[in-house]
Amino acid sequence: MKLWSGRFQKDVNEEVNDFNASIDVDYRMYEEDIEGSIAHVNMIAKCGIIKEEEGQKIVCGLNDILTKIKNGELSFSKENEDVHMNIETMLIDNIGEVAKKLHTARSRNDQVALDIRIYLKKEILNLKKLILDMEKVLLRKGEENLNTIMPGYTHMQKAQPITFSHHLMAYSEMFKRDYERLEDCYRRMNAMPLGSGALATTTYPINRVMVKEVLRFDKVMTNSIDGVSDRDFVLELASSLSILMMHLSRFSEEVILWCSQEFNYVELDDAYSTGSSIMPQKKNPDVAELVRGKTGRVYGNLMGLLTIMKGLPLAYNKDMQEDKEQIFDSVDTVKICLSVFAKMIDTMKVNKENMEKACRDGFINATDLADYMVKKGMSFRDAHHVTGEIVFYAIKEEKVLEEISLEKFKEFSQIFEIDVYEAIDIRKCVENRKVIGGPSPEEVKVRLKELKEFIIVKANERRELCG
Ligand code: ARG
């Protein structure tokens with residue numbers, strides 16, 4: 001019998017029953033549901049809404065159910081629709097009549113709003129941990145490659161020399177912001193909706209602050225309609241995760257390029273690559289490709305969630321039950337992607353010589369040649385033009401800039417002296433870019449130090465929060 005069957009004369013159609021049920025998706029919030037129910041029932045007992053001993057019985061029953069679910073002794077059924085009613089039914093079966101008092105002064109609408117917040121708050125902590133793990137890998141690789149020169153690209157064309165460390169630190173900055181976005185998201189999610197009731201609170205003298213304290217929320221939500229209606233915190237998380245996946249996807253794309261024979265900048269560890277069923281020689285970057293591919297599903301979830309919410313009148317509508325499948329999928333996807341991707345980077349071999357070799361062509365020191373003339377007194381526009389002519393000449397002669405003789409340089413401009421060769425030395429070109437944010441090893445060292453501090457500070461915050 002359904003918990004809500006009183007008003008009905010007929011059983012619900014079987015197909016409708018399955019259609020309506022969300023247990024296959026929301027069962028995973030059973031721990032949070034029980035945690036919330038225990039806080040609720042303790043509060044209504046304290047407030048005299050039910051008797052103290054009734055409250056105690058219900059709490060014991062709920063704890064017992066938690067253990068039994070964990071041990072696989074109890075299983076969920078579609079007949080009971082969702083996690084909330086499954087657990088309430090289990091409780092009734094377990095301790096009898098008194099269990100029917102649990103739902104006093106509560107609705108499934110505020111219950112689900114609470115459960116999903118507790119659940120996602122925990123997941124945000126898990127996600128943040130995985131980002132820190134990724135940052136640790138980038139820190140280590142960054143330290144190892146402080147002097148690994150490589151071409152930097154714009155338009156996928158060789159542009160100016162950088163170091164591999166500098167390149168990796170670009171991603172570390174992006175992941176730092178992803179981390180901070182999750183922190184922001186957590187802050188706004190950290191408001192307690194229980195007590196909103198179905199939409200208009202309750203006439204029972206409940207104590208919402210007590211529940212907020214026990215469940216370690218920052219504040220109580222102060223509009224009951226908002227408390228049960230909005231899922232902006234889900235959207236915010238879905239969008240933060242989409243941005244994070246965009247970063248991971250760009251990184252993946254680069255790894256895929258870098259391990260192509262054309263680049264040969266890195267080699268993935270055997271444990272993080274796969275073979276082909278037909279071509280024996282193949283070693284494919286499937287992990288990176290899958291991360292790039294899975295970005296699509298995380299974006300899709302965001303679009304799905306936004307679309308679910310866009311036309312809903314206040315307050316609760318059943319449409320909102322669809323939110324969980326998508327946000328859970330985004331969370332699961334990002335977690336596995338962060339985890340494998342970080343390990344793939346950690347174990348990847350960097351072909352330093354090939355990166356350096358790749359700096360030889362592409363005239364990536366052409367800007368430095370122009371800057372050399374500027375430093376000797378020429379305007380940048382003129383220097384840009386002269387350098388263009390020199391590059392054109394070098395292409396024709398199949399030479400790199402360093403191979404052009406001083407006499408030849410002088411034919412283009414009398415400004416050139418012997419020190420031009422130092423100015424266009426690739427390593428010097430990198431070392432001289434020591435302004436804030438530049439690729440010089442000196443400057444990147446500062447960034448690595450900052451990253452290390454970020455990791456330490458965040459790990460400490462985490463220890464304080466999680467114990
Ligand atoms: N399973 C529902 C959900 O996830 C719980 C809330 C149901 N409330 C209701 N009035 N039908 O949204």
Side-chain angles (χ1 to χ4, degrees), residues 1-8 11-13 15-37 39-40 62 65 69 75-92 100 102-123 189 191-202 211 215 221 224-235 237-238 301 304-332:
M1 199 180 69
K2 299 270 188 214
L3 290 176
W4 41 253
S5 65
R7 177 244 180 269
F8 290 80
D11 280 349
V12 70
N13 170 285
E15 202 178 5
V16 171
N17 183 70
D18 284 1
F19 183 63
N20 200 36
S22 56
I23 188 65
D24 287 349
V25 173
D26 61 26
Y27 76 94
R28 61 159 100 185
M29 302 194 301
Y30 71 85
E31 225 173 318
E32 291 72 25
D33 192 73
I34 291 174
E35 198 183 336
S37 284
H40 174 71
L62 284 168
I65 285 168
I69 295 174
S75 50
F76 301 108
S77 83
K78 275 210 168 131
E79 184 49 34
N80 293 317
E81 195 177 321
D82 58 21
V83 65
H84 324 293
M85 292 204 293
N86 263 273
I87 288 174
E88 200 178 325
T89 307
M90 288 171 182
L91 189 69
I92 296 169
K100 296 181 180 170
L102 164 65
H103 210 52
T104 316
R106 186 176 73 168
S107 156
R108 262 190 303 156
N109 297 353
D110 56 349
Q111 189 178 358
V112 70
L114 175 73
D115 292 3
I116 188 160
R117 280 182 160 87
I118 302 178
Y119 183 88
L120 293 179
K121 275 172 62 185
K122 288 183 192 167
E123 288 290 27
M189 194 184 287
M192 208 287 295
L194 204 71
S196 298
L199 80 161
T201 68
T202 177
V211 175
L215 295 175
M221 290 191 76
S224 62
I225 300 175
D226 178 45
V228 290
S229 296
D230 209 357
R231 293 291 182 267
D232 55 358
F233 60 98
V234 177
L235 289 169
L237 179 58
N301 290 334
L305 286 162
L306 283 166
T307 313
I308 288 167
M309 295 307 293
K310 77 177 270 286
L312 299 187
L314 306 183
Y316 178 84
N317 300 270
K318 188 77 168 189
D319 315 44
M320 283 148 74
Q321 177 165 287
E322 288 287 303
D323 63 352
K324 279 161 232 71
E325 191 164 359
Q326 310 207 27
I327 193 64
F328 292 167
D329 182 65
S330 283
V331 168
D332 294 349

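Counting starts at 1 for both ligands and their atoms, in listed order. Heavy atoms only: backbone and side chains are in, while hydrogens, waters and symmetry mates are out.
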**Q** Looking only at protein heavy atoms, which one is nearest to atom 11 (N) of ligand 1, and what is the separation?
**A** Arg108 NH2, 3.5 Å
**Q** Can you find a side-chain donor-acceptor pair between Asp26 and His84 that sits under 3.5 Å?
**A**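 On atom types as modelled, these side chains do not qualify, holding no pair under 3.5 Å.
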**Q** For atom 10 (N) of ligand 1, which protein heavy atom lies nearest, and how many Å away is it?
**A**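 Checked against all protein heavy atoms, atom 10 (N) of ligand 1 sits closest to Asn109 OD1, 3.0 Å.
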**Q** Lys324 near ligand 1, heavy-atom distance under 4.0 Å?
**A** yes
**Q** Working note: Glu88 + Lys100, criterion salt bridge (Lys or Arg N to Asp or Glu O under 4.0 Å); need CA distance, chi angles, decisive distance, verdict.
**A** CA-CA 8 Å; Glu88 200 178 325; Lys100 296 181 180 170; over 6 Å; no
**Q** Start with the C-alpha gap between Arg231 and Asp323, add the side-chain angles, then the distance that decides, and say whether salt bridge (Lys or Arg N to Asp or Glu O under 4.0 Å) holds.
**A** CA-CA 8 Å; Arg231 293 291 182 267; Asp323 63 352; 3.0 Å; yes
**Q** Please write down residue, atom name and distance for the protein heavy atom closest to atom 5 (C) of ligand 1.
**A**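 In this structure, atom 5 (C) of ligand 1 has Asp82 OD2, 3.5 Å as its nearest protein heavy atom.
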**Q** We want to know whether Arg106 and Ser37 form a side-chain donor-acceptor pair, criterion being a heavy-atom distance below 3.5 angstrom.
**A** yes
**Q** Run the numbers on Glu81 and Asn86 for side-chain hydrogen bond (donor to acceptor under 3.5 Å, both in side chains), then give the verdict.
**A** CA-CA 7 Å; Glu81 195 177 321; Asn86 263 273; over 6 Å; no
**Q** At a 4.0 Å threshold, what atoms of ligand 1 neighbour a non-hydrogen atom of Gln321?
**A**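 Listed by number with element, the hits are 1 (N), 2 (C), 3 (C), 4 (O), 12 (O).
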**Q** By number and element, which atoms of ligand 1 are closer than 4.0 Å to a non-hydrogen atom of Ser22?
**A** 1 (N)
**Q** At less than 4.0 angstrom from any non-hydrogen atom of His84, what atoms of ligand 1 do you find?
**A**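 What qualifies from ligand 1 is 5 (C).
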**Q** Tell me, which protein residue and heavy-atom name are nearest atom 3 (C) of ligand 1, and how many Å apart are they?
**A** Tyr316 OH, 3.2 Å
**Q** Could you walk me through whether Asp11 and Lys2 pass salt bridge (Lys or Arg N to Asp or Glu O under 4.0 Å), step by step?
**A** CA-CA 9 Å; Asp11 280 349; Lys2 299 270 188 214; over 6 Å; no
